[in-house]
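Quick notes on the structure that follows.
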Amino acid sequence: MRAVEAREAGGPEVLALVDVPDPTPGPGDVLVRTSAAGVNFIDTYRRAGVYPMPFPHIVGSEGAGVVQAVGEHVSGIAPGDRVAWSDAPGSYAELVAVPAERALLVPAGVDPDVAAALPLQGMTAHYLTHSTYTVQPGDVVLLHAGAGGVGLLLTQLATARGGRVITTVSTDEKEELSRAAGAVEVIRYDRLDNLTEQLPPLVRKAAGGGVSVVYDGVGRATFDASLACLRRRGTLVLFGGSSGQVPPFDLQRLSAGGSLYVTRPTLGDYTATTQELRSRAGDLFAAVLAGTLNVRIGARFPLASVATAHRELESRATTGKVLLITE
Ligand SMILES: NC(=O)c1ccc[n+]([C@@H]2O[C@H](COP(=O)([O-])OP(=O)(O)OC[C@H]3O[C@@H](n4cnc5c(N)ncnc54)[C@H](OP(=O)(O)O)[C@@H]3O)[C@@H](O)[C@H]2O)c1
C-alpha cells in the first residue's frame, strides 16, 4: 500500500510517499481501506519532533473508510461497515489497522469526507465545551483562531449551549467564516502590534467585562493576553500551541489575576473509555444529521501533496478541516 512516512524529525520536506507492506489486523483490530485521512496539528508536532516519536513512522492518527477484514475477538463490526477514528497511528495510508474499540461506526447519511473530518477536532470541541469547562447559558467565551478546524466547531457547540462567543482571526475570509459559525464578535488580532497589551481591552469591551473562559489553542503568542481577558475566577483552557509552546509559568500569576484556573487538557484523557469516546462521537454525528453542526472542509489534498498540506496548515493558510484523500 501507499503511505506517508516521516523519515526524520524536521519540516514538511521530511514527509515521503512510500510503498510499504499492507498492515495485518491483530487481535481486536479492524483493517480499514481509508477514503480520507484527517490532517491535524498534532501530526506536525510529531513530524517536527516536538512530541517524541520513533523515526521513520507513518504519519497521521485520524481517518475514515470501509472495513475490509476483522481480527480475532472483534464483535459488532463487520467487513463492509463504514468507520471513522481519531487515534489510530499510521493513518496517512491506504490501509489502516484500527483497534475495534476505538472505531466509530459512521451512521448512514454522513458524508465520507465529513466522517474523516469530524472525529479529532469534533471530539476536541465537544470535550472542551461540555467537560473541561462546561459552557452555561450566558457565559462569554473567548476562542482564538475562530476559523480553524477546532475553532469553527467549538464556536458552534459553545453557541448551542447558550454561550456568547468572541473569536480572534487573522484574515477577512476567516472573519466571515467565524461570524457564520456563530461568533458574536470577531477581533482581527493580526492587526495588533502588541497582542498582550492591546487584546484584553478589546475583549473586555466586547464582553462587557472579563470572559468566563478562554479556549486557547494558539499558545505562545496569545497565552498572556488570554489570562488578562478573564473575569474573576475565570478559566483558561490551554489546548494547543499552533504559534509555539507556552514556556514555564509562575502559578502566583493566578492569584494576581483574580483566583484564575488554568488547565492543559488532551483529547486522550477525555475519550479514555470506549463509552466516553462513543458518547461524544454519537452526539456529533447526531448533530451533523440534524443539520445543527456544519463541518467545513477547507482543503483536500492527494496523499502525494502531503508536504503542501502541512505547510499550509502551519502557515495559517487553511480554514476548517484539511483532508488527505487516499482513494
Ligand atoms: N488538546 C487537544 O486535545 C487538542 C486536540 C486537537 C487540536 N488541538 C490543538 O488545537 C489547535 C488548533 O488545531 P486545528 O487542527 O484546529 O488547527 P487550526 O486552528 O485549523 O490551525 C491553526 C490556526 O492557529 C492560528 N495561528 C495563530 N498563530 C499561528 C502561528 N504562528 N502559526 C500557525 N498558526 C497560527 C491560525 O489561525 P489565524 O490565522 O486565524 O490566526 C491557524 O489557522 C492546535 O494547537 C492543536 O494542537 C488540541
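Just so it is clear, the structure is predicted and the values come from calculations on it, not from any experiment. The first residue in the sequence is number 1, and the count goes up from there. Counting starts at 1 for both ligands and their atoms, in listed order.
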Note to self: Between T196 (side chain only) and D224 (backbone N and O only), is there a donor and an acceptor less than 3.5 Å apart?
What the structure shows: no
Note to self: Test your reading of the structure: does S315 have an N or O sitting under 3.5 Å from an N or O of ligand 1?
What the structure shows: no
Check: Can a salt bridge be assigned to the pair D19 and R2 using a cut-off of 4.0 Å between side-chain N and carboxylate O?
Finding: no
Checklist line | Partners passing salt bridge (charged side-chain N to carboxylate O under 4.0 Å, His left out) against R264 (at least two apart in sequence or in another chain) | finding: none
Note to self: I'd like to know if the side chain of Y133 and the backbone of V214 have a donor-acceptor N/O pair within less than 3.5 Å.
What the structure shows: no
Notebook entry, point to check: When L157 is tested against each of T129, V135, V165 for side chain to side chain contact (heavy atoms under 4.5 Å, CB included), which residue passes?
Noted result: T129
Note to self: Between ligand 1 and Y189, is the shortest N or O to N or O distance under 3.5 Å?
What the structure shows: yes
Next item on the list: Mind checking whether L120 contacts ligand 1 via backbone (N, CA, C, O), side chain (CB onward), both or neither, at a 4.0 Å heavy-atom cut-off?
Entry: side chain
Margin query: I'd like to check which ligand 1 atoms, numbered from 1 as shown, lie under 4.0 Å from a non-hydrogen atom of E314.
Written below: 32 (N), 33 (C)
Checklist line | Main-chain N/O of A125 paired with Y215 side-chain donor or acceptor, under 3.5 Å | finding: no
Margin query: Determine whether a donor-acceptor pair (N or O, by modelled atom type, separation under 3.5 Å) exists between the side chain of T124 and the backbone of L120.
Written below: yes
Check: Short list, please: which atoms of ligand 1 are under 4.0 Å from a heavy atom of Y45?
Finding: 44 (C), 45 (O), 46 (C), 47 (O)
Checklist line | Identity and distance of the protein heavy atom lying nearest atom 39 (O) of ligand 1 | finding: S170 OG, 2.5 Å
Notebook entry, point to check: To which protein heavy atom is atom 26 (N) of ligand 1 closest, and what is the distance rounded to 0.1 Å?
Noted result: S242 OG, 3.5 Å
Checklist line | Heteroatom proximity flag, P265 to ligand 1, N/O under 3.5 Å | finding: yes
Check: Could a heavy atom of R264 be found less than 4.0 Å from some atom of ligand 1?
Finding: yes
Check: Closest non-hydrogen protein atom to atom 43 (O) of ligand 1, residue and atom name please, with distance?
Finding: K174 NZ, 3.2 Å
Check: Looking at atom 20 (O) of ligand 1, what's its closest protein heavy atom, distance included?
Finding: G149 N, 2.9 Å
Check: Under 30°, 30 to 60°, or over 60°: which ring-plane class applies to H57 and F55, parallel, tilted or perpendicular?
Finding: tilted
Notebook entry, point to check: Can you find an N/O atom of L267 closer than 3.5 Å to an N/O atom of ligand 1?
Noted result: yes
Notebook entry, point to check: What's the shortest distance from atom 8 (N) of ligand 1 to any protein heavy atom, and which residue and atom give it?
Noted result: F239 O, 3.6 Å
Check: Between the side chains of S91 and W85, is a donor N or O closer than 3.5 angstrom to an acceptor N or O?
Finding: yes
Margin query: So is Y270 touching ligand 1 or not, going by heavy atoms under 4.0 Å?
Written below: no
Next item on the list: Write out all pairs satisfying salt bridge (Lys or Arg N to Asp or Glu O under 4.0 Å) with one or both partners inside residues 163-181, taking only residues at least two apart or from two chains.
Entry: D172-R188, D172-R191, E173-R296, E175-R179
Note to self: Could you check whether R280 and S131, counting side-chain N and O atoms only, form a donor-acceptor pair closer than 3.5 Å?
What the structure shows: yes
Note to self: What protein heavy atom lies closest to atom 5 (C) of ligand 1? Include the residue and the distance to one decimal.
What the structure shows: T124 OG1, 3.1 Å
Next item on the list: Just need the protein heavy atom nearest to atom 46 (C) of ligand 1, so name the residue and atom and give the distance.
Entry: F41 CB, 3.6 Å
Next item on the list: Within a distance under 4.0 Å of any heavy atom of Y127, pick out the atoms of ligand 1 and give their elements.
Entry: 1 (N), 2 (C), 3 (O)
Check: Would I42 count as a contact of ligand 1 if the rule is a heavy atom under 4.0 Å away?
Finding: no
Checklist line | Salt-bridge present (R47, E13; N to O < 4.0 Å) | finding: no
Note to self: Is it the case that the side chain of S212 and the backbone of V140 share a donor-acceptor pair, with hydrogens and angles ignored and the cut-off at 3.5 Å?
What the structure shows: yes
Notebook entry, point to check: What atoms of ligand 1 come within less than 4.0 Å of a heavy atom belonging to V218?
Noted result: 27 (C), 28 (N)
Next item on the list: Among all protein heavy atoms, pick out the one at the shortest distance from atom 12 (C) of ligand 1; state its residue, atom name and that distance to 0.1 Å.
Entry: V150 CG2, 4.3 Å
Margin query: Under 3.5 Å between any N/O of G217 and any N/O of ligand 1: does that happen in this structure?
Written below: yes
Note to self: Quick check on contacts: which atoms of ligand 1 are under 4.0 angstrom from a heavy atom of T266?
What the structure shows: 1 (N), 3 (O)
Next item on the list: Assess G151 for proximity to ligand 1: is some non-hydrogen atom of it under 4.0 Å away?
Entry: no
Check: Does at least one non-hydrogen atom of A221 fall below 4.0 angstrom from an atom of ligand 1?
Finding: no
Item checked: Check: G241 N/O within less than 3.5 Å of ligand 1 N/O -> yes
Margin query: With respect to S243, determine whether any N or O atom, backbone or side chain, lies less than 3.5 Å from an N or O atom of ligand 1.
Written below: no
Check: Would you call E62-K321 a salt bridge at under 4.0 Å N-O?
Finding: yes
Check: In terms of ring plane angle, is the pair H144 and Y189 parallel, tilted or perpendicular, where the classes change at 30° and 60°?
Finding: parallel
